[in-house]
Amino acid sequence: MVDITEKEMDNPTFKSDTVLSDVHLHCPNKRRLMVRLNAVGQPVFLSYFTLLWNTEDLASEKHKREATTEREYQYRSGDELCDEDRNNLKERELNSEVEALLDDDGDLEVVRRPRSASDLEAEDLLRDRVCPVILMKGEEDAFEDKQKCTCSDAVKIEHTMATPLEDVGKQVWRAAFLLADYIVFKRDAFRCCSVLELGGGTGITSIIMGTVAKRVYCTDVGEDLLAMCEQNVALNKHLMELGRGEVKVKELDWLKDEFCTDPEAPYNWSEEEIADLHDHCTVIMAADVFYDDDLTDALFRTLYRITHNLRNSCTVYLALEKRLNFTLRHMDVTCEAYSHFRSALNDLENLQDSKIKYTAEPIKVDFCQALIYERIEQLELWKITAEQLT
Ligand SMILES: C[S@@+](CC[C@H](N)C(=O)[O-])C[C@H]1O[C@@H](n2cnc3c(N)ncnc32)[C@H](O)[C@@H]1O
């Protein structure tokens with residue numbers, strides 16, 4: 001293993017020019033097992049994501065969620081409450097808080113706490129630093145996730161925790177969980193299918209799909225990322241063997257018009273694999289791939305090209321998280337990457353094409369969770385039917 005200095009270990013991931021997925025942010029002081037540095041020197045962590053496979057698991061999780069909701073209701077944390085409950089609760093809280101602030105005559109007493117410089121500094125530190133407890137090889141026993149999970153009820157994923165934008169695929173994103181949930185929920189529909197994933201990142205969605213589908217081509221770009229993805233496929237082989245599925249990790253760059261067939265490239269396609277994809281693929285999927293307008297356009301071009309080369313009609317599933325930003329240009333909260341996605345989707349549907357008709361519809365996101373994460377309302381799942389006309 002590469003020698004890591006103490007300084008690197010103390011401050012392993014978080015810099016101002018990096019992005020961190022909420023999936024990894026979720027439990028700030030969680031113990032994280034760091035397994036190695038990757039080829040570009042980034043620390044790689046191993047996480048176990050619990051899978052709620054069967055209906056009993058799902059029912060008990062639902063039961064747990066309901067119990068938690070009740071508890072949270074009692075203890076005033078509104079996060080999981082439905083809107084109506086939340087509003088009632090807020091109103092009650094507000095009333096009691098307002099009562100507490102009234103003086104004897106009923107006037108509002110506003111108490112402002114003076115803010116010292118050290119308060120502000122401490123707040124800044126809290127905001128910038130999310131300090132996981134980093135465990136190194138040999139300390140696996142203290143890795144709480146490992147004890148919680150047995151082999152078949154968890155997916156093991158190696159990932160980094162914060163990366164520059166060009167390396168975002170090395171983290172797991174919430175939309176990948178949403179898509180994985182849908183696959184588990186609709187698993188009978190995907191049984192024995194041939195599937196293509198675009199921008200598969202760590203491979204988590206392809207691995208879940210691999211538990212039911214016959215073959216999944218999990219694609220992305222960058223040797224380092226593809227190596228990590230392949231390692232994750234190997235770590236979860238036992239999950240896929242149950243359904244005799246396989247996941248093949250391949251390079252597919254949306255900015256190129258051809259499959260990579262260069263024999264020197266480690267994740268190249270053979271002619272047989274390309275023919276297999278064209279002959280058998282009926283499902284294409286992608287999660288969290290709409291964050292840059294040029295890449296969005298490139299992905300839609302790739303979708304168009306591949307669906308035109310398929311022998312059969314095909315269904316495309318796109319999971320995404322709408323990211324809201326306040327922009328000075330608009331002086332408002334906007335969601336530009338999402339707007340661009342919707343306009344590209346619209347263009348695809350309106351194409352005058354004699355070979356394929358594309359129809360898009362949003363899927364209602366009310367299906368059970370098979371993975372544990374925050375199902376925020378900005379998550380969306382789209383289904384596009386690419387119907388062959390000739
Ligand atoms: C935000 S990550 C999502 C990864 C994974 N689907 C998930 O949700 O965890 C976006 C993915 O798109 C991939 N990507 C970006 N540009 C690409 C391109 N030109 N061709 C193929 N994949 C690309 C990235 O490498 C990355 O894996």
Side-chain angles (χ1 to χ4, degrees), residues 18-26 38 40 42 45 47 49 155 157-183 195-210 216-233 236 247 249-260 265 267-269 284-306 316-323 337-338 340-341 371 373-376 378-382:
T18 57
V19 283
L20 172 63
S21 160
D22 297 81
V23 167
H24 309 306
L25 192 64
H26 196 49
N38 64 16
V40 290
Q42 297 158 334
F45 297 87
S47 288
F49 297 109
V155 55
I157 296 292
E158 284 195 4
H159 59 88
T160 59
M161 287 243 295
T163 50
L165 200 55
E166 62 270 21
D167 273 339
V168 283
K170 292 175 183 168
Q171 302 182 54
V172 180
W173 298 86
R174 227 165 355 205
F177 280 176
L178 179 73
L179 188 50
D181 280 348
Y182 188 71
I183 294 164
V195 180
L196 171 69
E197 180 170 16
L198 300 173
T202 60
I204 187 165
T205 315
S206 280
I207 290 167
I208 301 295
M209 183 59 104
V216 186
Y217 290 99
C218 179
T219 68
D220 212 299
V221 283
E223 235 176 272
D224 199 36
L225 172 61
L226 292 167
M228 179 183 258
C229 181
E230 193 158 65
Q231 162 75 353
N232 286 331
V233 172
N236 294 284
V247 176
V249 177
K250 297 281 159 194
E251 180 179 327
L252 200 161
D253 188 342
W254 316 326
L255 297 168
K256 294 185 180 155
D257 288 338
E258 304 289 336
F259 289 94
C260 166
Y267 297 96
N268 65 10
W269 295 72
I284 299 180
M285 59 181 189
D288 206 341
V289 288
F290 305 113
Y291 50 92
D292 173 285
D293 293 354
D294 293 337
L295 288 178
T296 298
D297 293 343
L299 181 125
F300 272 92
R301 280 196 303 274
T302 304
L303 265 183
Y304 178 86
R305 177 172 59 82
I306 292 178
V316 183
Y317 295 94
L318 303 173
L320 60 94
E321 179 174 334
K322 259 196 237 177
R323 295 198 174 88
Y338 177 75
H340 192 81
F341 157 73
L371 285 145
Y373 63 103
E374 198 183 358
R375 178 78 77 78
I376 57 169
Q378 288 81 12
L379 286 169
E380 290 188 4
L381 181 59
W382 286 82

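Ligands are counted one by one from 1 in listed order, and the atoms in each one are counted from 1 as well.
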Looking at ligand 1, would [X] count as a contact under a 4.0 Å heavy-atom criterion?
X	value
Ala175	no
Arg174	no
Thr202	no

Ligand-side contact atoms (ligand 1) for residue partner [X], heavy atom cut-off under 4.0 Å:
X	answer
Leu225	25 (O), 27 (O)
Val172	9 (O)
Gln171	9 (O)
Gly201	4 (C), 27 (O)

Could you identify the single nearest non-hydrogen protein atom to [atom] and state the distance to 0.1 Å?
atom	result
atom 19 (N) of ligand 1	Asp253 OD1, 2.9 Å
atom 14 (N) of ligand 1	Trp254 CH2, 3.6 Å
atom 13 (C) of ligand 1	Asp220 OD1, 3.4 Å
atom 26 (C) of ligand 1	Gly169 CA, 3.4 Å
atom 7 (C) of ligand 1	Ala176 CB, 3.6 Å

Original post:
Any idea which of Trp173, Phe290, Tyr291 brings a heavy atom closest to atom 15 (C) of ligand 1?
Top reply: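 The residue whose heavy atom sits nearest atom 15 (C) of ligand 1 is Tyr291.
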
Original post:
Between Gly199, Ala319, Ala286, which one has a non-hydrogen atom sitting closest to atom 4 (C) of ligand 1?
Top reply: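 When every heavy atom of Gly199, Ala319, Ala286 is considered, Gly199 comes closest to atom 4 (C) of ligand 1.
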
**OP:** Answer with side chain, backbone, both or neither: which part of Leu252 has a heavy atom less than 4.0 angstrom from an atom of ligand 1?
**Re:**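 Answer for Leu252: backbone.
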
**OP:** Record the part of Leu295 in heavy-atom contact with ligand 1 below 4.0 Å; permitted values are side chain, backbone, both and neither.
**Re:**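 For Leu295, the contact with ligand 1 is made by the side chain alone.
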
Original post:
Are the side chain of Asp288 and the backbone N or O of Leu320 linked by a donor-acceptor pair below 3.5 Å?
Top reply: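 Between the backbone of Leu320 and the side chain of Asp288 there is no qualifying donor-acceptor contact (under 3.5 Å).
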
Original post:
Is a side-chain donor or acceptor of Asp220 paired with a backbone partner of Gly200 at a separation under 3.5 angstrom?
Top reply: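 Yes; judged by distance alone, with no hydrogens or angles, the pair exists.
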
Side chains of [X] and [Y]: do they bring a donor and an acceptor to under 3.5 Å?
X	Y	value
Asp297	His340	yes
Asp181	Tyr373	yes
Gln42	Thr160	no
Gln171	Trp173	no
Glu321	Tyr338	no

Subject >> cation_pi(Arg375, Tyr182) dist<6.0 Å, angle<=45 >> reply: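 Not flagged: Arg375 not positioned over aromatic ring of Tyr182.
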
Original post:
How far apart are the C-alpha atoms of Glu197 and Thr219, what are their side-chain angles, what is the distance that settles it, and do they pass the side chain to side chain donor-acceptor pair (under 3.5 Å) test?
Top reply: CA-CA 6 Å; Glu197 180 170 16; Thr219 68; over 6 Å; no

Original post:
Is the number of heavy atoms from other residues, nucleotides or ligands under 6.0 Å of Glu166 CD greater than 12?
Top reply: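 Above 12, so yes.
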
Subject >> Residue that, paired with Ile183, satisfies side-chain contact (heavy atoms from CB on, under 4.5 Å) out of Ile208, Val195, Leu178 >> reply: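 The option that passes is Ile208.
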
**OP:** Give yes or no for whether the N/O distance cutoff of 3.5 Å, strictly under, is met between Ala287 and ligand 1.
**Re:**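 N/O-N/O distance below 3.5 Å exists for this pair.
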
Subject >> Within-cut-off N or O pair, Asp288 and ligand 1, under 3.5 Å >> reply: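 Asp288 vs ligand 1: no N/O contact under 3.5 Å.
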
